[in-house]
Amino acid sequence: MRMAYTIVDSALGRLLVAATGKGICFVSLGEDDPAMEAELRSDYPSADIRRDDSAGPPWVEALLRYLRGESDDLALPLDAPGTGFQERVWAGLRSIPFGSTRTYKEIARALGLPETAARAVGRACATNSVSLVIPCHRARRADGGLAGYRWGLERKRLLIEIEKSFPGRAATALIV
DNA sequence: GCCAGAACTCTGG
DNA sequence: CCAGAGTTCTGGC
């Protein structure tokens, strides 16, 4: 698999976006470029990866607007392979409305899994390589806690804040 | 290769 | 508090 990536500054730190010809396969937030590049390579050990900072696809701009709280559109093309179970969970996460959250148990139930699968759902969230586009920050624990986040709990909290303060949220807020 | 234990969980004893 | 349920990964042998 061949992929190109770029790293830019964002409202939440450095933002790395990698994509194949078909779609986005890796998105991460961090502080340290070499560490983020290493993370990308360890997720795709056999891929042919090169850096390309030229004005690539419009996806990076879309993610930056989202992080500034200016856009609620995360319907970007994905090309992130996972196991059958992982892809089911990721699809479930993407169906959570912007600005709201679900517990791991609710996500399991929505997918037709037994509630005892909550932990397996958490594991699938933990191993997703595409932050933001797969909104695993909308998953919380049943006791109200935030559980963990691969890119830092503080960022998870900020992402929820950004979504809550988005101007267009009034209609969905009433449903919750 | 196989098995134990951990990981972004939750429930019931 | 502890174990167990459903999935994947890692580390030890």
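We use all heavy atoms of the structure for the numbers below, so side chains are in, but hydrogens, waters and symmetry mates are not. Within every chain, numbering begins at 1; the chains are lettered A, B, ... in the order of the sequence lines, protein sequences first and strands thereafter.
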Show your reasoning for whether ring pair (Phe, Tyr, Trp, His ring centres under 6.0 Å) applies to A/Phe166 and A/Phe98.
CA-CA 9 Å; A/Phe166 187 74; A/Phe98 184 94; 5.3 Å; yes

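Here the C1' atom of nucleotide C/dT7 and the CZ atom of A/Arg88 are 12 Å apart, to the nearest Å. In this structure, CG of A/Leu93 is placed 14 Å from P of B/dT9, rounded to the nearest angstrom. C/dT7 atom P lies 15 Å from atom CH2 of A/Trp90, rounded to whole Å. Between A/Phe85 atom CZ and C/dG6 atom C1' there is a gap of 6 Å when expressed in whole angstrom units. Across the protein-nucleic acid pair, A/Arg141 atom CZ and B/dC10 atom C1' stand 10 Å apart, rounded to whole Å. One atom, CZ of A/Arg138, and another, C1' of B/dT9, lie 20 Å apart when rounded to the nearest Å.
To the nearest 0.5 angstrom, A/Leu132 atom CG is 6.0 Å from A/Leu63 atom CG. Of the inter-residue distances, the one linking A/Lys22 atom NZ with A/Met3 atom CE reads 11.0 Å to the nearest 0.5 angstrom. Here A/Leu93 contributes atom CG and A/Cys136 contributes atom SG; the two are 6.5 Å apart, rounded to the nearest 0.5 Å.
At a non-hydrogen distance threshold of 4.0 Å, A/Thr103, A/Tyr104, A/Lys105 from residues 103-111 of chain A come into contact with DNA chain B.
Atom P of B/dT11 sits at a distance of 22 Å from the matching atom of C/dT8, rounded to the whole Å. Separation of the P atoms belonging to C/dG4 and B/dA4 is 13 Å when rounded to the nearest angstrom. Going from the P atom of C/dC2 to that of B/dG5 covers 15 Å, rounded to whole Å. A gap of 12 Å separates the P atoms of B/dA6 and C/dA3, to the nearest Å.
A salt bridge links A/Arg155 with A/Glu31: the distance from a Lys NZ or Arg NE/NH1/NH2 to an Asp or Glu carboxylate oxygen falls below 4.0 Å.
Taking A/Arg94 as the reference, nothing meets the salt bridge (charged side-chain N to carboxylate O under 4.0 Å, His left out) condition, with sequence neighbours excluded.
Contact annotation for A/Thr83: backbone-only contact, meaning every heavy-atom pair under 4.0 Å involves sugar-phosphate atoms and none involves a base. Residue contacts for A/Arg123: at a heavy-atom cut-off of 4.0 Å it reaches a base atom on one of the strands shown. Residue-level contact check: A/Ala139 touches neither bases nor backbone, having no heavy atom under 4.0 Å from any strand.
Put simply, the side chain of A/Trp90 gets close to the backbone of A/Ala124: a donor and an acceptor are under 3.5 Å apart.
Nearest to the side-chain atoms of A/Gln86 among the listed nucleotides C/dT8, B/dC8, C/dG6 stands C/dT8. Among the nucleotides B/dT9, C/dT7, B/dC8, the one closest to any side-chain atom of A/Arg150 is B/dC8.
Here B/dG13 sits opposite C/dC1 as a Watson-Crick or G-U wobble pair (both hydrogen-bonding atom distances under 3.5 Å).
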